[in-house]
Structure formats: C-alpha cells, structure tokens
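Quick caveat, the model's predicted, so the values are computed rather than measured. No hydrogens, no waters, no symmetry mates; every other heavy atom, side chains included, goes into these values.
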Amino acid sequence: MALSLRDQMLKAGLVNEKQAKQVGKEKQKKQRLEQKGHIEKDESQKLAAQQAMAEKAARDQELNRQQQQKVEQKARTAQVKQLIEVSRLPKLTTEDYYNFVDDKKVKRLSVNALMRNKLSSGSLAIVRHGGGYEVIPREAALKIQERDAQRVVLLNTPTEAPDADDPYAAYQVPDDLMW
C-alpha cells in the first residue's frame with residue numbers, strides 16, 4: 001500500500017515526528033477557524049482557476065466565430081460562382097467591343113448591338129469570373145452585389161424615359177463611345 005506524503009517524509013528523515021504533528025495541528029486549527037468564520041478562506045487559487053476558464057471560454061468562442069465566418073465566406077463565394085455560371089450569357093466573337101474600366105484600366109468585351117444597348121441601359125451587367133469577365137442579367141448582378149460587391153465591375157443604373165418638357169430631349173448623349 002502507498003504511504004502518505006507525511007509517512008514518506010518521516011521515513012526519508014526529512015522531518016521528525018514533532019514537526020509532522022505540528023503541521024497537522026496547524027492545518028486542523030486553520031480549518032476550524034475557517035469553518036467558524038474567524039479567518040477568510042484563501043480563494044485565490046479558485047479565483048485564478050475560474051478566471052483561466054473564463055479566458056479559455058472567450059478564446060474558444062472567438063475561434064468558433066472565426067471558423068463560422070470562414071464557412072460563411074466560402075458559402076457566399078460558392079453562391080456567387082453558381083449565380084454567375086447559371087445566368088451568364090454566351091460569349092460572342094464579333095468585331096464590335098464594349099469598353100469599360102476595371103481597376104483604372106480600360107478593358108473590352110466582345111458584344112453585339114443589342115448587348116451594347118442593354119449594358120448601357122442597365123439591363124445587363126459585367127462581373128469578374130475566373131480571371132475574365134462575364135455578362136449577366138441585372139437581377140443576378142444585384143444578388144451578386146449583395147454577397148460580394150467587388151465582383152461586379154459594371155452595373156449601370158436603369159435609364160428612365162425622358163421628360164416631355166426637356167429642351168434637350170432631341171439630343172442623344174452616348175453612354176459608350178466607339179473607340
């Protein structure tokens with residue numbers, strides 16, 4: 001059977017019987033006084049343990065929040081990719097181009113006359129996808145803009161019918177000039 005620490009220290013000769021009894025009496029006296037309420041209990045270890053548990057819980061909560069944020073970001077990216085792939089218009093190979101600005105650089109996209117008019121009027125939009133650009137309908141572009149605004153490169157505001165009293169109604173201002 002294993003010996004208690006007191007017995008082990010006595011056997012090793014580190015303390016004598018008198019010292020061991022004195023320590024035992026002091027411990028009992030301290031416990032009696034604590035029970036009667038004459039001295040305060042030493043709760044510093046208990047408080048330190050509680051504080052450490054609270055800090056660990058806060059760290060765990062922060063890590064969980066960061067992981068949840070990463071999962072949500074991946075889900076939004078997948079939704080944007082799916083929206084673009086489902087709603088994109090087929091690419092055209094024409095000599096007619098639509099010029100637009102992306103990151104302070106002028107880019108161009110092959111379009112026909114109908115697509116040019118719809119892009120200018122705001123019915124169609126241009127988004128970044130897979131290192132290139134795709135043309136998608138306005139409704140899909142608005143959904144993409146809610147999830148990731150940086151993916152939408154060009155989304156013009158819809159044009160309204162001109163006023164009857166407008167003196168410049170006869171003069172057309174081009175939205176996109178041919179370069």
Do [X] and [Y] share a hydrophobic cluster, counting only Ile, Leu, Val, Met, Phe, Trp and Tyr and linking them when any side-chain heavy atoms are less than 4.5 Å apart?
| X | Y | result |
| --- | --- | --- |
| L92 | V127 | no |
| M9 | V23 | no |
| L109 | L154 | yes |

Inspect the contact between [Y] and [X] and indicate whether a charged nitrogen and a carboxylate oxygen are less than 4.0 angstrom apart.
| X | Y | result |
| --- | --- | --- |
| E62 | R65 | yes |
| E134 | R128 | no |
| E26 | K21 | no |
| R76 | D148 | no |
| K56 | D60 | yes |

When rounded to the nearest 0.5 angstrom, what is the spacing between [atom1] in [X] and [atom2] in [Y]?
| X | Y | atom1 | atom2 | value |
| --- | --- | --- | --- | --- |
| Y98 | S120 | OH | OG | 4.0 Å |
| E17 | Q19 | CD | CD | 10.5 Å |
| L142 | L83 | CG | CG | 11.0 Å |
| R138 | K143 | CZ | NZ | 13.5 Å |

List the atom of P137, the atom of L124, and the distance in Å for their closest heavy-atom pair.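 Between these two residues, the closest heavy atoms are CA-CD2, 3.9 Å.
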
Considering all heavy atoms, the nearest A141-V152 contact: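 Minimum heavy-atom contact is O-CG2, 3.8 Å.
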
Mark yes when over 12 heavy atoms from residues, nucleotides or ligands other than [X] sit less than 6.0 Å from its [atom1]; otherwise mark no.
| X | atom1 | result |
| --- | --- | --- |
| Q150 | CD | no |
| Q82 | CD | no |
| Q66 | CD | yes |

Is R108 positioned over the aromatic face of Y97, cation under 6.0 angstrom from the ring centre and no more than 45 degrees off axis?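 Because its charged atom sits under 6.0 Å from the ring centre and within 45° of the axis, R108 does stack over Y97.
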
Residue pair V153 / Y133, side-chain heavy-atom distance below 4.5 Å: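 SC-SC contact between V153 and Y133 confirmed.
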
